Amino acid sequence: MSHKSPKDFFAPLAVGAPAPLREIPARPSRAIHFFDPSNPKMAAKVPDMVGTVDVLLGNLEDAVKADNKLAARQGLVDIAKATDFGKTQLWTRINSLDSPWVLDDLVTLVTEIGDKLDVVMVPKVQGPEDIHYVDRLLAQLEAKGGVERPILIHAILETARGVANVEEIALASPRMQGISLGPADLAADRKMKTTRVGGGHPGYLVRQDPVDGDIQGNRTIFQQDLWHYTIAKMVDACAEAGIYPYYGPFGDITDVVAAEDQFRNAFLLGCVGTWSLHPKQIEIANRVFSPSVEDIKHARRVVKAMGDGTGAVMLDGKMEDDASLKQCLVLVDLAEELAAIDPKLKELYDTIEIED
Ligand SMILES: CC(C)(COP(=O)(O)OP(=O)(O)OC[C@H]1O[C@@H](n2cnc3c(N)ncnc32)[C@H](O)[C@@H]1OP(=O)(O)O)[C@@H](O)C(=O)NCCC(=O)NCCSC(=O)C[C@](C)(O)C(=O)O
Ligand SMILES: [Mg+2]
């Protein structure tokens, strides 16, 4: 296998394309809100959603009817041209690389609205070769369209081969911004026997041992997380590459409680955000992926108690040291990033008083 030199890795892939970024900026992206630009009712809501959600994503792939593919592409161009997105990011999900639409998706979007598009989400990524293809094409189109900053790439992990190659995918290009779980396609590709879009399954469980040998007796069951292995693997791949992991879709729109649980599991495991498929999932995602007041209060106390950041101290009967401080700094840094774009959170975090 041939490797690129570090020098070439950070060189533009087309004459006239912008230089790749050395680091992917930590822009808040708690909810990536999906809309179908060919659906007039949804499209009409998008301008008013600016500022209420970190990312608005014009979806062109699955969930858009085949007959509406061209209308969705054009609808996204029209919305992007007519809207000032402020601090809200604009992403798209293009059609899959083996589809008849994807080439025109990329050509049209980059040349028409490349200056407004922050991230291109690529579905069903199988390996680094898929990222290399999009990488070169984006560079050519950026050069053609005079785009001045590189458009980033986000991969969806939704095939068994993609999961097997996740580390290589994460490291495939300096454009890689992050990776999301695609639980529905992944389940089908793996031949899992589920029929839901993300979330748990009541049959996937561990049962308490029989009490006094009574097998038929009342035994507590603990439902397990079907996605733990994949999310953990994705989080490690993203952390190694310096990019951002995301949960993905939770299809039971009415079950806001289980959606919140799934999102929180992902947050605790290292994800920075999730998808929102319906307006009511935005508030859940924004809340879950923002550190709580209690977390920030505790984190700031540890930072204060640790002084120069070395050694060990006792706080409330617990040992704190260099490593627990680093965990606290993850939360403190995230709170600062979020406060910079969310005035309500800034106010909330600013009013926290730290005890000794
Ligand atoms: C579920 C659906 C059909 C329910 O749509 P509905 O109209 O029946 O729902 P509603 O509750 O009646 O909607 C209330 C209002 O909100 C609007 N609305 C509703 N949703 C949105 C939205 N997203 N953005 C903006 N507005 C929205 C809707 O138009 C309506 O407007 P109205 O009050 O004027 O009548 C609809 O919400 C929807 O189509 N959401 C997006 C679905 C989507 O993008 N799916 C693809 C991502 S998941 C995926 O692909 C899997 C993956 C990763 O690939 C893999 O695991 O393999
Ligand atoms: Mg899918």
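Both counts, for ligands and for their atoms, begin at 1 and track the order of listing. Remember, it's a predicted structure, so these values are computed and weren't measured experimentally.
- At a cut-off of 3.5 Å, with distance as the only test, no side-chain donor of Ser29 or Tyr244 sits close to an acceptor on the other residue.
- For ligand 1, one of its N or O atoms has an N or O atom of Glu158 under 3.5 Å away.
- Considering backbone and side-chain atoms together, Phe34 places an N or O closer than 3.5 Å to an N or O of ligand 1.
- For atom 7 (O) of ligand 1, the nearest protein heavy atom lies 4.0 Å or farther away.
- For ligand 1, one of its N or O atoms has an N or O atom of His278 under 3.5 Å away.
- For the pair Met42 and ligand 1, the shortest N or O to N or O distance does not fall below 3.5 Å.
- Polar contact check, Phe35 against ligand 1: no nitrogen or oxygen pair lies under 3.5 Å apart.
- Of all protein heavy atoms, the one lying nearest to atom 35 (O) of ligand 1 is Lys41 NZ, 2.8 Å.
- Not a single N or O atom of Val197, backbone or side chain, sits closer than 3.5 Å to an N or O atom of ligand 1.
- Which parts of ligand 1 touch Asn59 is read off a 4.0 Å heavy-atom cut-off, strictly below it: atoms 44 (O), 46 (C).
- With salt bridges taken as basic N to acidic carboxylate O contacts below 4.0 Å, none links Lys69 and Asp104.
- Among heteroatoms of the N, O or S kind in Asp185, OD2 lies nearest the Mg ion (ligand 2).
- Within Glu158, OE1 is the N, O or S atom that lies nearest to the Mg ion (ligand 2).
- Within the listing of ligand 1, atoms 54 (O), 55 (C), 56 (O), 57 (O) sit less than 4.0 angstrom from a heavy atom of Asp185.
- In this structure, Ile153 is not a member of the same hydrophobic cluster as Trp101, with clusters built from ILVMFWY side-chain heavy atoms closer than 4.5 Å.
- Counting only heavy atoms, the protein gets under 4.0 Å from atom 55 (C) of ligand 1.
- Relative to the six-membered ring of Phe10, Arg22 meets both conditions, a distance below 6.0 Å and an angle of at most 45° to the axis.
- Remark: of the listed residues Leu97, Val102, Val122, Leu97 is the sole one forming a side-chain contact (heavy atoms from CB on, under 4.5 Å) with Tyr133.
- The nearest protein heavy atom to atom 25 (C) of ligand 1 is closer than 4.0 Å.
- A salt bridge does not link Lys124 to Asp98: none of the charged nitrogens lies less than 4.0 Å from a carboxylate oxygen.
- Under the 4.0 Å distance rule, the nearest protein heavy atom to atom 45 (N) of ligand 1 falls inside the cut-off.
- Of the N and O atoms on the side chains of Ser324 and Glu320, at least one donor lies less than 3.5 Å from an acceptor on the other residue.
- Salt-bridge formation is detected for the pair Asp342/Arg30: a Lys NZ or Arg NE/NH1/NH2 atom is positioned less than 4.0 Å from an Asp or Glu carboxylate oxygen.
- Considering backbone and side-chain atoms together, His33 places an N or O closer than 3.5 Å to an N or O of ligand 1.
- There is a protein heavy atom less than 4.0 angstrom from atom 20 (N) of ligand 1.
- Taking both residues in full, the closest heavy atoms of Trp227 and Ala187 are given as CH2-CB, 4.2 Å, listed atom of the first, atom of the second, then distance.
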